[in-house]
Participant: 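Here's a structure for you.
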Amino acid sequence: DVKVTQSSRYLVKRTGEKVFLECVQDMDHENMFWYRQDPGLGLRLIYFSYDVKMKEKGDIPEGYSVSREKKERFSLILESASTNQTSMYLCASSDQGVAADEKLFFGSGTQLSVL
Amino acid sequence: GEDVEQSLFLSVREGDSSVINCTYTDSSSTYLYWYKQEPGAGLQLLTYIFSNMDMKQDQRLTVLLNKKDKHLSLRIADTQTGDSAIYFCAEFSSGTYKYIFGTGTRLKVLA
(Lines give C-alpha, C1' and ligand atoms only; values in the text may rest on other atoms or scores of the structure.)
Protein backbone atom coordinates (compact mmCIF):
# COMPACT_ATOMS: atom_id res chain seq x y z
CA ASP A 1 0.00 0.00 0.00
CA VAL A 2 1.05 3.56 -0.66
CA LYS A 3 2.22 5.36 2.40
CA VAL A 4 2.33 9.14 2.64
CA THR A 5 3.89 10.27 5.88
CA GLN A 6 3.64 13.75 7.35
CA SER A 7 6.23 14.43 10.00
CA SER A 8 3.94 15.99 12.62
CA ARG A 9 0.28 15.49 13.54
CA TYR A 10 0.13 18.68 15.61
CA LEU A 11 2.26 21.80 15.58
CA VAL A 12 2.01 25.00 17.57
CA LYS A 13 4.04 27.96 16.36
CA ARG A 14 4.26 31.66 17.06
CA THR A 15 3.47 34.47 14.65
CA GLY A 16 6.51 35.33 12.53
CA GLU A 17 8.22 31.96 12.92
CA LYS A 18 9.46 30.06 9.87
CA VAL A 19 7.66 26.73 9.73
CA PHE A 20 8.58 23.58 7.81
CA LEU A 21 6.03 20.85 7.10
CA GLU A 22 7.56 17.67 5.76
CA CYS A 23 5.97 14.97 3.64
CA VAL A 24 7.48 11.70 2.43
CA GLN A 25 5.94 9.08 0.12
CA ASP A 26 7.29 5.59 -0.40
CA MET A 27 5.80 4.60 -3.78
CA ASP A 28 8.04 6.47 -6.19
CA HIS A 29 5.20 8.77 -7.24
CA GLU A 30 6.03 11.63 -9.56
CA ASN A 31 3.32 14.00 -8.36
CA MET A 32 3.06 15.54 -4.92
CA PHE A 33 0.62 18.11 -3.56
CA TRP A 34 0.01 20.34 -0.55
CA TYR A 35 -3.54 21.26 0.41
CA ARG A 36 -5.01 23.12 3.33
CA GLN A 37 -8.38 22.21 4.76
CA ASP A 38 -10.61 24.68 6.54
CA PRO A 39 -14.18 24.15 7.78
CA GLY A 40 -16.73 25.04 5.12
CA LEU A 41 -14.06 25.62 2.48
CA GLY A 42 -13.06 22.06 1.67
CA LEU A 43 -9.58 21.41 0.32
CA ARG A 44 -7.63 24.17 -1.36
CA LEU A 45 -4.47 23.53 -3.34
CA ILE A 46 -1.39 25.47 -2.20
CA TYR A 47 1.39 24.05 -4.40
CA PHE A 48 2.11 20.92 -6.39
CA SER A 49 5.09 19.31 -8.04
CA TYR A 50 5.34 16.98 -11.02
CA ASP A 51 9.01 16.17 -10.69
CA VAL A 52 12.08 16.78 -8.62
CA LYS A 53 12.92 20.48 -8.40
CA MET A 54 9.67 21.33 -10.22
CA LYS A 55 6.91 23.29 -8.52
CA GLU A 56 3.68 24.91 -9.60
CA LYS A 57 1.45 27.34 -7.74
CA GLY A 58 -1.98 26.15 -6.80
CA ASP A 59 -4.98 28.27 -5.91
CA ILE A 60 -3.66 29.85 -2.70
CA PRO A 61 0.17 30.02 -2.78
CA GLU A 62 0.56 33.37 -1.04
CA GLY A 63 2.62 33.13 2.15
CA TYR A 64 3.93 29.67 1.27
CA SER A 65 6.84 28.15 -0.61
CA VAL A 66 7.82 24.55 -1.33
CA SER A 67 10.90 22.46 -1.89
CA ARG A 68 11.33 19.17 -3.73
CA GLU A 69 14.97 18.19 -3.72
CA LYS A 70 14.28 14.45 -3.75
CA LYS A 71 11.48 12.57 -5.47
CA GLU A 72 10.05 11.13 -2.27
CA ARG A 73 10.02 14.35 -0.22
CA PHE A 74 7.94 17.49 -0.61
CA SER A 75 8.28 20.24 1.96
CA LEU A 76 5.90 23.14 2.61
CA ILE A 77 7.45 26.26 4.09
CA LEU A 78 5.65 29.10 5.83
CA GLU A 79 8.19 31.91 5.57
CA SER A 80 6.65 33.98 8.37
CA ALA A 81 3.70 32.26 10.01
CA SER A 82 0.54 34.25 10.57
CA THR A 83 -2.62 33.44 12.52
CA ASN A 84 -4.64 33.05 9.30
CA GLN A 85 -2.43 30.11 8.41
CA THR A 86 -3.84 28.11 11.30
CA SER A 87 -5.30 25.13 9.47
CA MET A 88 -5.10 21.40 8.72
CA TYR A 89 -2.42 20.78 6.09
CA LEU A 90 -2.68 17.69 3.92
CA CYS A 91 0.02 16.25 1.70
CA ALA A 92 -0.88 13.94 -1.18
CA SER A 93 0.86 12.04 -3.95
CA SER A 94 -0.16 10.35 -7.18
CA ASP A 95 1.43 8.30 -9.90
CA GLN A 96 1.57 9.19 -13.56
CA GLY A 97 0.53 6.80 -16.27
CA VAL A 98 -2.67 5.34 -17.69
CA ALA A 99 -2.93 2.55 -15.14
CA ALA A 100 -2.73 4.91 -12.17
CA ASP A 101 -6.25 6.30 -12.67
CA GLU A 102 -4.90 9.58 -11.25
CA LYS A 103 -5.71 8.47 -7.69
CA LEU A 104 -4.55 10.79 -4.92
CA PHE A 105 -3.13 9.26 -1.75
CA PHE A 106 -3.15 11.45 1.35
CA GLY A 107 -1.09 11.68 4.48
CA SER A 108 -2.80 11.85 7.88
CA GLY A 109 -2.50 15.63 8.04
CA THR A 110 -0.76 18.22 10.21
CA GLN A 111 -2.93 20.46 12.37
CA LEU A 112 -1.00 23.72 12.62
CA SER A 113 -1.91 26.37 15.16
CA VAL A 114 -0.24 29.79 14.88
CA LEU A 115 -0.52 31.87 18.05
CA GLY B 1 -16.82 28.12 -13.15
CA GLU B 2 -15.48 25.02 -11.51
CA ASP B 3 -17.44 23.86 -8.54
CA VAL B 4 -18.31 20.64 -6.78
CA GLU B 5 -21.31 20.84 -4.49
CA GLN B 6 -22.37 18.58 -1.67
CA SER B 7 -24.85 18.89 1.13
CA LEU B 8 -23.17 19.54 4.46
CA PHE B 9 -24.86 16.98 6.71
CA LEU B 10 -26.59 13.62 6.56
CA SER B 11 -27.94 11.60 9.46
CA VAL B 12 -29.07 7.98 9.17
CA ARG B 13 -29.90 5.11 11.52
CA GLU B 14 -27.59 2.14 11.85
CA GLY B 15 -28.53 -0.56 9.35
CA ASP B 16 -30.19 1.84 6.92
CA SER B 17 -28.71 2.86 3.56
CA SER B 18 -26.99 6.22 3.19
CA VAL B 19 -26.95 8.17 -0.05
CA ILE B 20 -24.50 11.04 -0.40
CA ASN B 21 -24.94 13.26 -3.42
CA CYS B 22 -22.60 15.47 -5.37
CA THR B 23 -22.92 17.72 -8.40
CA TYR B 24 -20.03 18.90 -10.49
CA THR B 25 -19.63 21.33 -13.35
CA ASP B 26 -16.67 20.20 -15.46
CA SER B 27 -18.04 18.01 -18.24
CA SER B 28 -14.49 17.03 -19.22
CA SER B 29 -13.89 15.26 -15.92
CA THR B 30 -12.15 11.96 -16.48
CA TYR B 31 -12.41 10.43 -13.03
CA LEU B 32 -14.69 11.04 -10.08
CA TYR B 33 -13.71 9.95 -6.59
CA TRP B 34 -15.15 9.46 -3.15
CA TYR B 35 -12.89 10.01 -0.15
CA LYS B 36 -13.61 9.38 3.53
CA GLN B 37 -12.11 11.44 6.35
CA GLU B 38 -12.35 10.30 9.94
CA PRO B 39 -11.83 12.81 12.78
CA GLY B 40 -8.28 14.17 12.92
CA ALA B 41 -7.13 12.08 9.96
CA GLY B 42 -6.29 12.52 6.31
CA LEU B 43 -8.47 11.53 3.37
CA GLN B 44 -8.79 7.87 2.50
CA LEU B 45 -9.76 6.87 -1.04
CA LEU B 46 -12.97 4.83 -0.87
CA THR B 47 -13.85 4.30 -4.48
CA TYR B 48 -13.82 6.00 -7.85
CA ILE B 49 -15.42 5.79 -11.25
CA PHE B 50 -14.20 6.45 -14.74
CA SER B 51 -16.33 8.94 -16.65
CA ASN B 52 -17.46 6.42 -19.27
CA MET B 53 -19.13 4.25 -16.60
CA ASP B 54 -22.63 4.63 -15.13
CA MET B 55 -22.24 2.52 -12.04
CA LYS B 56 -19.63 0.84 -9.92
CA GLN B 57 -20.22 -1.50 -7.01
CA ASP B 58 -17.67 -2.43 -4.39
CA GLN B 59 -19.03 -4.48 -1.47
CA ARG B 60 -21.32 -2.11 0.51
CA LEU B 61 -20.54 0.84 -1.75
CA THR B 62 -22.37 1.74 -4.96
CA VAL B 63 -21.40 4.71 -7.08
CA LEU B 64 -23.83 6.09 -9.63
CA LEU B 65 -22.82 8.61 -12.27
CA ASN B 66 -25.28 10.62 -14.34
CA LYS B 67 -23.13 12.52 -16.84
CA LYS B 68 -26.07 14.32 -18.40
CA ASP B 69 -26.99 15.94 -15.07
CA LYS B 70 -23.36 15.98 -13.79
CA HIS B 71 -24.52 14.12 -10.71
CA LEU B 72 -22.56 11.61 -8.68
CA SER B 73 -23.84 9.63 -5.73
CA LEU B 74 -22.41 7.24 -3.16
CA ARG B 75 -24.71 4.69 -1.58
CA ILE B 76 -23.55 2.88 1.54
CA ALA B 77 -25.61 -0.20 2.30
CA ASP B 78 -26.19 -1.37 5.88
CA THR B 79 -24.58 1.76 7.33
CA GLN B 80 -22.57 1.17 10.50
CA THR B 81 -21.41 3.54 13.25
CA GLY B 82 -17.88 3.18 11.85
CA ASP B 83 -19.09 4.85 8.68
CA SER B 84 -19.55 8.13 10.55
CA ALA B 85 -17.10 10.51 8.87
CA ILE B 86 -16.85 13.31 6.34
CA TYR B 87 -17.21 12.18 2.73
CA PHE B 88 -15.62 14.19 -0.07
CA CYS B 89 -16.53 14.02 -3.70
CA ALA B 90 -13.72 15.01 -6.11
CA GLU B 91 -13.33 15.29 -9.85
CA PHE B 92 -10.20 15.10 -11.98
CA SER B 93 -9.95 16.54 -15.45
CA SER B 94 -7.22 15.22 -17.72
CA GLY B 95 -7.67 18.35 -19.83
CA THR B 96 -6.66 20.77 -17.07
CA TYR B 97 -4.85 18.16 -14.93
CA LYS B 98 -6.66 19.51 -11.95
CA TYR B 99 -8.51 18.02 -8.98
CA ILE B 100 -11.57 19.80 -7.61
CA PHE B 101 -12.94 18.76 -4.22
CA GLY B 102 -16.37 19.31 -2.76
CA THR B 103 -16.75 20.80 0.71
CA GLY B 104 -17.60 17.42 2.20
CA THR B 105 -20.72 15.79 3.67
CA ARG B 106 -20.64 14.92 7.35
CA LEU B 107 -22.39 11.57 7.83
CA LYS B 108 -23.66 10.79 11.31
CA VAL B 109 -24.85 7.25 12.00
CA LEU B 110 -27.26 6.91 14.90
CA ALA B 111 -27.25 3.67 16.89
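Owing to the predicted nature of the structure, the values given are computational and were not obtained by experimental measurement. Below, read A as the first sequence line, B as the second, and so on, with proteins coming before strands; counting in each chain starts at 1.
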Participant: Decide if atom CZ of Arg106(B) counts as having more than 12 heavy atoms of other residues, nucleotides or ligands within a radius under 6.0 Å.
Facilitator: no

Participant: Can you hop from Tyr35(B) to Met32(A) via hydrophobic side chains spaced under 4.5 Å?
Facilitator: no

Participant: When you group the ILVMFWY residues by side-chain heavy-atom contacts below 4.5 Å and let the links chain together, are Trp34(A) and Phe105(A) in the same group?
Facilitator: no

Participant: Need one label for Phe33(A): side chain, backbone, both or neither, based on atoms under 4.5 Å from any heavy atom in chain B.
Facilitator: side chain

Participant: Which atoms of Leu45(A) come close to chain B, meaning under 4.5 Å heavy atom to heavy atom: side chain ones, backbone ones, both, or neither?
Facilitator: neither

Participant: Do any of residues 53-80 of chain A have a heavy atom less than 4.5 Å from a heavy atom of chain B, and if so, which, in residue order?
Facilitator: Asp59(A)

Participant: Working to the nearest 0.5 angstrom, can you tell me the gap between Phe101(B) CZ and Tyr35(A) OH?
Facilitator: 4.5 Å

Participant: State the OG-CD distance between Ser108(A) and Gln37(B), to the nearest 0.5 angstrom.
Facilitator: 10.5 Å

Participant: Determine yes or no for a side-chain-to-main-chain donor-acceptor pair under 3.5 angstrom, with Tyr48(B) supplying the side chain and Glu102(A) the backbone.
Facilitator: no

Participant: Quick check for you: to the nearest 0.5 Å, what is the distance between Asp101(A) atom CG and Leu45(B) atom CG?
Facilitator: 10.0 Å

Participant: If you group Ile, Leu, Val, Met, Phe, Trp and Tyr by side-chain heavy-atom gaps below 4.5 Å, do Val19(B) and Leu74(B) land in one group?
Facilitator: no

Participant: Would a single hydrophobic cluster contain both Phe9(B) and Ile20(B), if residues Ile, Leu, Val, Met, Phe, Trp and Tyr are joined by side-chain heavy-atom contacts under 4.5 Å?
Facilitator: no

Participant: Would you say Leu64(B) ends up clustered with Leu32(B) if hydrophobic residues are merged whenever their side chains have heavy atoms under 4.5 Å apart, either directly or through other cluster members?
Facilitator: no

Participant: Name the region of Tyr89(A), side chain, backbone, both or neither, that has any atom closer than 4.5 Å to a heavy atom of chain B.
Facilitator: neither

Participant: Would you check if Gln37(A) and Phe88(B) make a side-chain contact, meaning some heavy-atom pair closer than 4.5 Å?
Facilitator: yes

Participant: Contact between Tyr99(B) and Leu104(A) at the side-chain level, heavy atoms closer than 4.5 Å - yes or no?
Facilitator: yes

Participant: Heavy-atom cut-off 4.5 Å, strictly under: side chain, backbone, both or neither for Phe50(B) against chain A?
Facilitator: neither

Participant: Between Leu43(B) and Leu90(A), is there a side-chain heavy-atom distance shorter than 4.5 Å?
Facilitator: yes

Participant: Give, as side chain, backbone, both or neither, the part of Arg9(A) having an atom under 4.5 angstrom from any heavy atom of chain B.
Facilitator: side chain

Participant: Check each atom of Gln6(B) against the heavy atoms of chain A and say whether the ones under 4.5 Å are side chain, backbone, both or neither.
Facilitator: neither

